[in-house]
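Notes follow once the structure below has been shown.
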There are 2 protein chains.
Amino acid sequence: MARPTIRDISRVTGLSTYTISQALRGADGVSEDSRARVLAAANDIGYIPNRAAQDLRRTNRDSVGLITASTSNSYYLDLIGGIQSTVQSLAWTVIIADVAVDGHYDAEQEDRTVRRLIEARVAGVISTLTLSKANTELLSKWDIPIVFVDSSPPAEAPELPSVTTDNYQASMQVGGHLAGHGYKTWLFLAYPAIWSTRVEREHGLRDAAASADAGLVVVESANDAVSAGQALKSYLDTATAVPDVLIAGNNPMLLGALEHLQLRGLSIPRDIAVVGYDEFAWSNLIQPPLTLLNERSGEIGQQAARTLAEIILAQDAAEKRGESSMPAYRPDHQLQVGAELIVRQSCGCGPVGHHSFTPQPTIPSAKGR
Amino acid sequence: MARPTIRDISRVTGLSTYTISQALRGADGVSEDSRARVLAAANDIGYIPNRAAQDLRRTNRDSVGLITASTSNSYYLDLIGGIQSTVQSLAWTVIIADVAVDGHYDAEQEDRTVRRLIEARVAGVISTLTLSKANTELLSKWDIPIVFVDSSPPAEAPELPSVTTDNYQASMQVGGHLAGHGYKTWLFLAYPAIWSTRVEREHGLRDAAASADAGLVVVESANDAVSAGQALKSYLDTATAVPDVLIAGNNPMLLGALEHLQLRGLSIPRDIAVVGYDEFAWSNLIQPPLTLLNERSGEIGQQAARTLAEIILAQDAAEKRGESSMPAYRPDHQLQVGAELIVRQSCGCGPVGHHSFTPQPTIPSAKGR
DNA sequence: GAGTGTCAAATAAACGTTTAGCTCGAGCGG
DNA sequence: CCGCTCGAGCTAAACGTTTATTTGACACTC
């Protein structure tokens with residue numbers, strides 16, 4: 001028997017397919033005796049249900065999609081972990097879909113990916129990037145709830161849920177620390193703005209620079225280390241002076257920057273200080289140890305999954321009552337999670353004891369922006 | 001219209017579902033006129049096919065499963081990339097399934113995962129670890145071909161295809177280099193042997209140590225940085241002397257080891273030299289820059305996917321001819337890919353110019369082991 | 001004008017489950 | 001002994017596609 005079906009079990013046990021189905025998934029209406037026979041037979045012939053047939057027939061959907069751009073950014077691994085852990089407790093599964101084609105974001109790939117998730121009839125979507133207007137509308141047409149994670153909802157649909165680091169506050173914190181060092185020329189090496197965090201980070205840095213009377217230059221490159229290195233090179237080649245500090249927008253940017261600074265023979269933090277945005281495993285082993293912002297990505301992932309689950313369950317309940325099957329979003333579905341700066345030495349702080357850092361009054365965080 | 005089906009398009013256009021189906025996927029037997037009407041209508045009402053229904057009805061399967069343990073080991077990201085790129089060109093999709101539950105391999109999770117892949121009726125499986133006898137048999141009962149990647153087939157089924165780094169040769173290479181430095185006491189910090197590469201690496205190191213008249217100690221820990229650090233600590237706490245060189249079995253081991261050595265205040269390579277097994281992005285920025293073995297994981301992934309695709313296509317063809325639907329494996333489905341040592345400074349080689357390294361005759365690689 | 005071939009399109013039967021609705025007996029109270 | 005309930009199980013109709021087979025219209029040939 002190459003690919004046994006429920007009917008094969010039926011044949012073997014002499015029970016109807018109904019009974020088999022009930023017995024297999026532990027529903028009642030089946031005697032203990034029959035259930036045992038069914039399970040034995042199933043195990044015996046190596047039966048494994050056909051997911052496609054189940055999905056087709058069942059009404060309740062039990063998977064959610066996660067849209068990601070360049071997973072290779074190790075920051076996302078924690079995020080995924082957080083999502084998985086929450087979703088697994090509901091016995092759902094996560095479909096991870098990367099919209100980057102060899103490392104670069106690709107708009108058509110975004111379209112294909114959203115389509116694929118709808119084809120799979122996912123119950124909901126978590127997206128790490130702001131989706132296009134068309135895709136947001138498509139998902140909403142299919143009544144599929146979306147939660148943005150570490151990215152903001154598109155401008156056309158600002159009411160959509162999101163869970164993010166408080167990037168503005170975080171950037172103010174970074175900026176405050178740099179101000180404390182007395183740095184006056186800041187260079188922000190940034191990734192493109194399809195990742196909406198870029199905008200918030202820049203905004204926070206700009207405000208911090210202003211209140212510290214420092215100058216901020218923004219250099220943008222594609223979201224990978226090689227491009228970042230090249231962008232930095234072009235900038236430094238033409239700049240009149242090396243900036244006091246380089247702020248890397250994320251880890252690929254940081255990697256590219258460090259490689260280029262090493263190549264150029266600039267010493268950190270003597271010639272130029274460096275700070276970055278994502279804590280990662282090796283940061284303390286790099287020379288000098290890196291001062292980084294620690295985003296609590298695992299926690300963010302969990303929160304996002306919880307929010308999505310809540311919306312889906314409410315939606316199912318409403319549908320069961322015969323009400324609208326549109327997902328219902330609430331204002332408290334928009335969450336911000338704090339982040340803290342991990343101060344090591346690349347910012348100019350010395351090993352414990354000998355630092356050239358003057359604490360400054362904390363810049364008040366802007367409320368309700 | 002909340003969730004439009006093919007019948008809705010049928011209703012709108014006045015054509016039968018047959019015609020819609022043909023038109024949508026570009027088959028012929030449909031006039032250009034009708035096709036245009038169908039596509040317009042589909043686009044208009046936002047129709048997206050139901051994957052479950054397609055999968056159920058279609059005979060040809062078009063997804064493959066990838067079994068992984070702890071994806072967070074960044075080494076796998078390239079591997080996955082290589083597989084994706086090959087598989088995408090066939091318009092298939094990859095289902096990635098991690099059998100680690102919070103970072104640790106879990107046997108039950110392996111069983112669940114294999115089941116899940118069979119439920120999805122995948123056309124084939126690529127596994128990064130040696131599967132249990134039961135799971136191998138289960139897959140073979142369902143006529144699902146398996147290719148092992150960076151791991152060997154289980155002892156019970158040695159004929160199964162595999163694509164691996166030539167770990168023995170690679171370890172001999174590592175060992176040869178260490179011998180050239182004149183190191184006499186080697187410490188191999190290893191992960192558990194469910195990853196079969198561990199065995200081959202140890203074997204190669206052992207032979208290299210023997211022929212260099214050096215002593216090899218193996219310390220094993222769970223496959224994560226924290227456990228590795230602890231294992232190293234326990235060993236060093238009781239050892240009479242610090243070994244000449246530490247060989248980290250993979251990146252989590254390396255990370256744990258470096259953290260612990262830093263904590264202990266041992267200087268690399270003065271007090272102890274260090275080499276590792278997987279090249280990664282930050283390796284050149286660590287102090288001192290790390291000497292690592294560069295496995296060509298992208299290439300390995302591509303090869304594995306190509307091999308699997310070949311087997312699946314042959315299987316489909318055979319089935320179409322009414323022959324056996326069992327996958328046919330050939331001896332040339334077992335491949336080994338070379339690796340080269342990237343020499344930096346953690347092994348004791350100085351910056352270009354001042355090294356204390358004496359080249360040694362290359363240890364001949366054992367043929368046909 | 002009968003036979004033949006071609007093309008577009010329709011019909012209806014799958015695919016492997018789940019599930020609403022029904023049947024059948026047994027048990028039980030009156 | 002009647003009517004009722006209840007549990008165990010059956011039958012058959014879904015779910016949304018694909019596809020083997022059939023139909024019908026039209027053109028072409030002898």
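Quantities reported herein were computed from a predicted structural model and do not represent experimental measurements.
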Just how far is it from atom CG of Leu24(B) to atom OH of Tyr47(B), taken to the nearest 0.5 Å?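 So the CG of Leu24(B) and the OH of Tyr47(B) are separated by 6.0 Å.
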
Kindly compute the distance separating CD1 (Ile126(B)) from OG1 (Thr307(B)), expressed to the nearest 0.5 Å.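 So the gap between those two atoms works out to 8.5 Å.
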
Hey, does the side chain of Ser16(A) come within less than 4.0 Å of dC10(D)'s phosphate (OP1/OP2), counting only N and O?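 So the side-chain polar atoms of Ser16(A) do come within 4.0 Å of the phosphate oxygens OP1 or OP2 of dC10(D), strictly under.
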
Glu108(B) atom CD, neighbour heavy-atom count above 12 within 6.0 Å: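 No, not enclosed.
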
Counting neighbours of CG on Asp28(B) that are heavy atoms of other residues, nucleotides or ligands and sit closer than 6.0 Å, is the number greater than 12?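 It does not: Asp28(B) CG has 12 such atoms or fewer within range.
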
Between atom [atom1] in [X] and atom [atom2] in [N], what is the gap in whole Å?
X	N	atom1	atom2	answer
Ile6(B)	dT18(D)	CD1	P	5 Å
Ile118(B)	dG16(C)	CD1	P	16 Å
Arg7(B)	dA12(C)	CZ	P	13 Å
Glu119(B)	dT17(C)	CD	C1'	12 Å
Asn50(A)	dA14(C)	CG	C1'	14 Å
Leu56(A)	dG16(D)	CG	P	7 Å
Gln54(A)	dG16(D)	CD	P	17 Å
Ile20(B)	dG16(D)	CD1	P	16 Å

Going by distance alone, is a donor N or O of one side chain under 3.5 Å from an acceptor N or O of the other, for Arg25(B) and Ser21(B)?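 Yes - a donor-acceptor pair under 3.5 Å links their side chains.
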
Lys/Arg N to Asp/Glu carboxylate O, Lys141(B) vs Glu137(B), below 4.0 Å: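 Looking at Glu137(B) together with Lys141(B), the answer is no, because their closest N to O distance does not fall below 4.0 Å.
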
Specify the residue among Asp28(A) and Arg121(A) whose closest nucleotide of DNA chain D lies further upstream toward the 5′ end.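 The 5'-side residue here is Asp28(A).
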
If the sugar-phosphate is the primed atoms plus P, OP1 and OP2 and the base is the rest, what is the B/S/- string for nucleotides 19-26 of chain C, using protein heavy atoms under 4.0 Å? BB------

So what is the end-to-end bend of the helix from dG1(C)-dC30(D) to dG30(C)-dC1(D), with 5 pairs used at each end and the value given to 10 degrees?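 Here the helix ends are tilted 60° relative to one another.
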
Heavy-atom contacts under 4.0 Å between residues 29-41 of chain B and DNA chain C, which residues?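 Those residues are Gly29(B), Val30(B), Ser31(B), Ser34(B).
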
Taking side chain to side chain donor-acceptor pair (under 3.5 Å) as the test, write out the residues that go with Asp111(B), two or more places apart.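 Side chain to side chain donor-acceptor pair (under 3.5 Å) check on Asp111(B) returns Asn135(B).
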
Sequence neighbours left out, what passes side chain to side chain donor-acceptor pair (under 3.5 Å) with Tyr105(A)? Give chain and number order.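 Checked Tyr105(A) against side chain to side chain donor-acceptor pair (under 3.5 Å); matches are Glu110(A).
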
Whichever of Ala53(B) and Leu15(B) has its nearest DNA chain C nucleotide further upstream toward 5':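 Final value for this comparison: Leu15(B).
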
Is any side-chain heavy atom of Ser196(B) closer than 4.5 Å to one of Ser151(B)?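 Yes. Closest side-chain heavy atoms under 4.5 Å.
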
Given side chains that start at C-beta, do those of Val99(A) and Asp106(A) come closer than 4.5 Å, heavy atoms only?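 The answer is no; the side chains never approach within 4.5 Å.
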
Going by salt bridge (charged side-chain N to carboxylate O under 4.0 Å, His left out), name the pairs with one or both residues in residues 56-70 of chain A, residues two or more places apart or in two chains.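 Sorted pair list: Arg51(A)-Asp62(A), Arg61(A)-Asp316(A).
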
